[in-house]
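Working notes, beginning with the structure itself.
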Number of protein chains: 2
Amino acid sequence: MPGRRRMMSPGWGGKFRGCGYRMTVPRQAIMDVLSGTDKHLSAEDIYMKVHKMSPDVGLTTVYRTLELLTQMGLVVKFDFGDGRARYELTEGPKSEHHHHLICASCKRIIEYTDFIDEEMEFLKRAEKGLSKKYNFDIKNHIIQFYGLCDKCKNKK
Amino acid sequence: MPGRRRMMSPGWGGKFRGCGYRMTVPRQAIMDVLSGTDKHLSAEDIYMKVHKMSPDVGLTTVYRTLELLTQMGLVVKFDFGDGRARYELTEGPKSEHHHHLICASCKRIIEYTDFIDEEMEFLKRAEKGLSKKYNFDIKNHIIQFYGLCDKCKNKK
DNA sequence: CTTCTTATTGAAAATGGTTTCCATTATCAA
DNA sequence: TTGATAATGGAAACCATTTTCAATAAGAAG
Ligand SMILES: [Mn+2]
Ligand SMILES: [Mn+2]
Ligand SMILES: [Zn+2]
Ligand SMILES: [Zn+2]
């Protein structure tokens, strides 16, 4: 029965190949992990999850792939101030668009999805204007609020 | 001629003391550097500038002070992806409110001050709503756009 | 001004996330 | 199937940031 070779997955392979890169086992495994979570994973988090299914994928490759994905605009790299970078897939049915409140004291992260409509309104205009004025191809964005969480607010 | 002791500077001392900290020579020197520039300096950048006026201030103290200032909300810590953190004074007559476009490929930074009015509109509402909903005391924010700069856009 | 408590500091060493090296392997166009 | 070369993994190197700890200085009290 021909014509029914793997037609699964949205086809990350195409994304990679389209950018001139090859699709490999490690890369596929990493994409699987990223698209299967709604948390902001660190490189090591991802490495450990990948390791369960593909024990021979190295941490170095995870870092390399993450850098690649970030450049391709498929992943956003965050710095929440805990000493390690964290990554989130840009387009994911798993997680809805959100941003973060970061406690400057205890580093606690609060995700919120409020005000996304108003944000869209603002961002649409800003992105259009900025990409034209600076001839910059905007792929994605980060919005983070810093301050004190309720716990830290009420201390000494 | 009494009564004319140093009345210079907005008085960072008060800011520190008000938070229960002491005002010291190193801290004053660091504040002088921060309030005298409109660039995003790294810890080492600041250390070198401080070193010119106060040669005995150590790099460790610069890091410690920066962490303190970040927690106090007087400084914002940025990660532009070049391996070192960068810092900007929140309130500064020197620099006007701005945000950044970051090239995901070459890491070039473009500062922009456009759309600040629309942003203010959006932020005012978001901050008010978020701080109430999450009981979070928002001190400041970061907005960054990622993508490809004109140079990197036209490659390969 | 002097004293006393303790927050702050500087130098050196340690830390640890991320990058670099390089020999080996795997992808995919031909 | 083959060949050019992109990709990989393990170990070593990197290097920004943190930790340690004895010495110092800020500032409240007297
Ligand atoms: Mn998130
Ligand atoms: Mn800036
Ligand atoms: Zn907190
Ligand atoms: Zn660029």
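In this text, all values refer to a predicted model and were calculated from it rather than measured experimentally. In the text below, chain A, chain B and the rest are named by the order of the sequence lines, each starting its count at 1.
- The OH-P distance, from Tyr47(B) to dT9(C), rounds to 14 Å in whole Å.
- What separates CD1 of Ile30(B) from P of dT8(C) is a distance of 13 Å, to the nearest Å.
- When hydrophobic side chains of Ile, Leu, Val, Met, Phe, Trp and Tyr are connected at separations under 4.5 Å, Val25(A) ends up as a singleton with no cluster partners.
- Tyr47(B) is linked by a ring-ring contact (aromatic ring centres under 6.0 Å, His included) to His51(B), counting only residues two or more places apart in sequence or in another chain.
- Overall bending of the helix from dC1(C)-dG30(D) to dA30(C)-dT1(D), expressed as the angle between end axes built from five pairs apiece, is 50° (10° steps).
- Arg86(B) is linked by a salt bridge (Lys or Arg N to Asp or Glu O under 4.0 Å) to Asp45(B), Asp82(B), counting only residues two or more places apart in sequence or in another chain.
- With sequence neighbours excluded, the residues that form a side-chain hydrogen bond (donor to acceptor under 3.5 Å, both in side chains) with Tyr134(B) are Asp114(A).
- Whole-Å rounding puts the Asp56(A) CG to dA26(C) P distance at 10 Å.
- No side-chain heavy atom of Phe145(B) sits under 4.5 Å from any side-chain heavy atom of Ile110(B).
- For Phe122(A), the ring-ring contact (aromatic ring centres under 6.0 Å, His included) criterion is met by Phe122(B), not counting sequence neighbours.
- Scanning for salt bridge (Lys or Arg N to Asp or Glu O under 4.0 Å) contacts around Glu121(A) gives Arg125(A), with sequence neighbours left out.
- Annotation: side-chain hydrogen bond (donor to acceptor under 3.5 Å, both in side chains) contacts of Asp137(A) (sequence neighbours excluded): none.
- Scored by the salt bridge (Lys or Arg N to Asp or Glu O under 4.0 Å) test, Lys15(B) finds Glu91(B) as partners (sequence neighbours excluded).
- For Arg84(A), there are no salt bridge (Lys or Arg N to Asp or Glu O under 4.0 Å) partners, not counting sequence neighbours.
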N/O to N/O distances under 3.5 Å, protein versus nucleotides 14-18 of chain C:
| residue | atom | partner | partner atom | Å |
| --- | --- | --- | --- | --- |
| dG17(C) | OP1 | Arg84(A) | NH2 | 3.3 |
| dT18(C) | OP1 | Ala85(A) | N | 2.9 |
| dT18(C) | OP2 | Tyr63(A) | OH | 2.4 |
| dT18(C) | O5' | Tyr63(A) | OH | 3.3 |

What is the per-nucleotide protein-contact pattern of nucleotides 19-30 of chain D, from the 5' end, where B denotes a base atom under 4.0 Å from a protein heavy atom, S denotes such proximity for sugar-phosphate atoms only, and - denotes neither? BB-----BS---

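- Arg27(A) has its CZ atom 6 Å from the C1' atom of dA7(D), to the nearest Å.
- Per the geometry, NE2 belonging to His51(B) stands 10 Å off P belonging to dG10(C), to the nearest Å.
- Taking the six-membered ring for Trp and thresholds of 30 and 60 degrees, His40(B) and Phe80(B) have ring planes more than 60 degrees apart, a perpendicular arrangement.
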